[in-house]
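Counting convention: from 1, in listed order, for ligands and their atoms alike.
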Amino acid sequence: MKNNRKYHLVTFGCQMNVHDSEKIAGILESEDYTETDNPKEADIIIFNTCSIRQKAEQKFYSELGRIKPLKKKKPGLKIAVAGCIAQQEGNRMLKRANFIDHVIGPQNIHVLKDIIKSRPEMIAVGDNPAITEMELPVYRKDPVRAWINIMYGCNNFCSYCIVPYTRGREKSRALESIASEVRKLAGEGYKEVTLLGQNVNSYKSSVNFPGLLKELNDIPGIERIRFVTSHPKDLSNELIFAIKDFDKVCEHIHLPLQSGSSKILKLMNRKYTYEEFLDNVLKLKSEIPEIAITSDIISGFPGETDEDHRCTIHALKEIEFDGIYAFNYSPRPGTKASLMDGHVDDDVKSSRLSEILDLQGNITELKNKRLEEVFQEILIEGFSEKSSSKLTGRTRTNKIVTVPFETQIKQGDLITVKITKAHRHSLEGSTLLRFT
Ligand code: 5AD
Ligand code: SF4
């Protein structure tokens, strides 16, 4: 029996946060709360926040401001702030906004269970070494594709990045615990799993990351295995061969370059040069010709000259990524880069960013065009958001394809389609053959 209590959950940030929100929802659902889209109906409002760039922070604070009047109207309403801003701000958050009831860092989601049973524990931002052993309930809305944590935290301390400060040191989850979650998901009908970690290729338990992929590849029912994010410095030949040889491991890797200038990469503390990165890309492409490689780029890191920016432009042309996420550099309090000399003006950052995005847009479109008339296997995700007469799915290389609706095709089916038209952000296909 549901207890009529409702929760409203707002998520910002990366896939790690999206999955953390599935655990937050899992805890609340297991305590008989139901989700509501309407904050006015809620008994508890949870913000799962991101602090990777200042803009993400601002978005949260403006949403928080909009919620404040609700608390006055409904004094019993609880407001909880989770995620990376919560971790960073801790106590300061309560001082800044005294209508907040709870502050819960990303390593302490489990305390939510106690909080709703009204333990007065308002702040939970300590280091949690037991995080890898915590089996929290997960409330997944997608019945076909699942996120799953394989490791937590980060040891790399890239000089621009807040993550090591908000998510703590690297901790890998045990192989058996991951494998049993994947087996359970397969039993529930899931077809695809995405292994999550800040730096998945430095995974280490009784096996290394390729060893983990090998174990998971043998689990019946799961058809596709993806993983994010990989650090270029840890891209081993063994991993390249794992992608090549294990049939369920998809031919896609997200490999953040950040800058095409080795001078800037050094200042970023990335631990590879552009030439080493390129070497890895060439190896990946020669062993797995169909592989899609996506990346992240930061525009206007401190000390970035026009010449460094030209190196990034050159890199994008030389590598031909399938897609990138690119952002202006945003100084984060407490990071080394925020204290460096040579901060770049915002308008210079933005004009460099536009050049990066325009160039990459053309490259992405060109690469997609090369798929016209080619057969691709797609996993059907459901109806297209834009049209109820179309279905969408993704290729193994993670490209979105829309196909005309046919009654015999269901969510979770793997079908072969012929790509008929390529656009910048998606592909259109026609269904010809069918197999599962
Ligand atoms: N400013 C801009 N972009 C950043 N990223 C991480 N920290 C910052 C920052 N301070 C980007 C990186 C990373 C992605 C997740 O976010 O490109 O790979
Ligand atoms: Fe994810 Fe990093 Fe944002 Fe935290 S700060 S939510 S780890 S992107």
Side-chain angles (χ1 to χ4, degrees), residues 11-20 48-60 83-85 87-88 106 147 151-167 170 194 196-202 227-235 252-261 264-265 267-272 274 277 280 293-304 308-309 311-312 315-316 319 321-340 342-346 348-354 356-357 360:
T11 307
F12 303 88
C14 64
Q15 287 122 346
M16 197 74 73
N17 255 25
V18 173
H19 185 46
D20 283 350
N48 194 9
T49 61
C50 171
S51 56
I52 196 112
R53 284 169 289 270
Q54 203 185 355
K55 266 199 190 142
E57 272 197 36
Q58 282 163 348
K59 261 203 246 161
F60 157 64
C84 291
I85 303 180
Q87 182 66 35
Q88 214 177 287
W147 304 104
M151 60 190 299
Y152 301 85
C154 179
N155 286 350
N156 291 321
F157 287 94
C158 299
S159 62
Y160 49 80
C161 189
I162 196 82
V163 171
Y165 306 93
T166 60
R167 290 195 178 253
E170 265 174 24
T194 301
L196 284 177
Q198 242 72 42
N199 187 5
V200 286
N201 46 346
S202 71
F227 52 89
V228 276
T229 288
S230 307
H231 194 301
K233 77 174 168 58
D234 299 319
L235 184 76
H252 169 227
I253 188 163
H254 186 68
L255 204 59
L257 169 63
Q258 312 299 3
S259 168
S261 155
I264 295 296
L265 290 171
L267 289 170
M268 290 176 163
N269 192 30
R270 291 290 286 172
K271 304 187 184 90
Y272 55 84
Y274 174 62
F277 185 95
N280 274 330
I293 308 177
T294 53
S295 200
D296 295 338
I297 298 286
I298 296 177
S299 164
F301 184 82
E304 185 187 85
D308 296 316
H309 169 64
C311 291
T312 299
L316 296 177
I319 293 171
F321 289 116
D322 291 79
I324 61 166
Y325 297 99
F327 303 96
N328 281 344
Y329 167 72
S330 170
R332 303 287 64 217
T335 58
K336 282 214 169 120
S338 67
L339 306 171
M340 285 177 184
H343 280 264
V344 176
D345 286 348
D346 282 347
V348 175
K349 279 185 204 168
S350 295
S351 81
R352 288 178 186 166
L353 181 65
S354 302
I356 288 167
L357 291 173
Q360 182 59 46

Roughly how far apart are Arg167 CZ and Asp20 CG, rounded to 0.5 Å?
4.5 Å

If you draw a 6.0 Å radius around OH in Tyr325, do more than 12 non-hydrogen atoms from other residues or ligands fall strictly inside?
no

Mind checking whether Ile298 contacts ligand 1 via backbone (N, CA, C, O), side chain (CB onward), both or neither, at a 4.0 Å heavy-atom cut-off?
side chain

Any nitrogen or oxygen of Arg332, side chain or backbone, less than 3.5 Å from one on ligand 1?
no

What atoms of ligand 1 come closer than 4.0 angstrom to any heavy atom of Tyr329?
1 (N), 2 (C)

Per the side-chain hydrogen bond (donor to acceptor under 3.5 Å, both in side chains) rule, which among His309, His343, Arg352, Lys349 passes with Glu304?
Arg352

May I ask you to decide if Ser350's main-chain N or O and Ser354's side chain share a donor-acceptor pair within less than 3.5 Å?
yes

Test side chain to side chain donor-acceptor pair (under 3.5 Å) on Thr194 and Gln15 and set out the steps.
CA-CA 10 Å; Thr194 301; Gln15 287 122 346; over 6 Å; no

The one among Gln258, Arg53, Met268 that brings a heavy atom closest to atom 12 (C) of ligand 1
Gln258

Test of understanding: given a 4.0 Å heavy-atom threshold, classify the contact between Asn328 and ligand 1 as side chain, backbone, both, or neither.
backbone

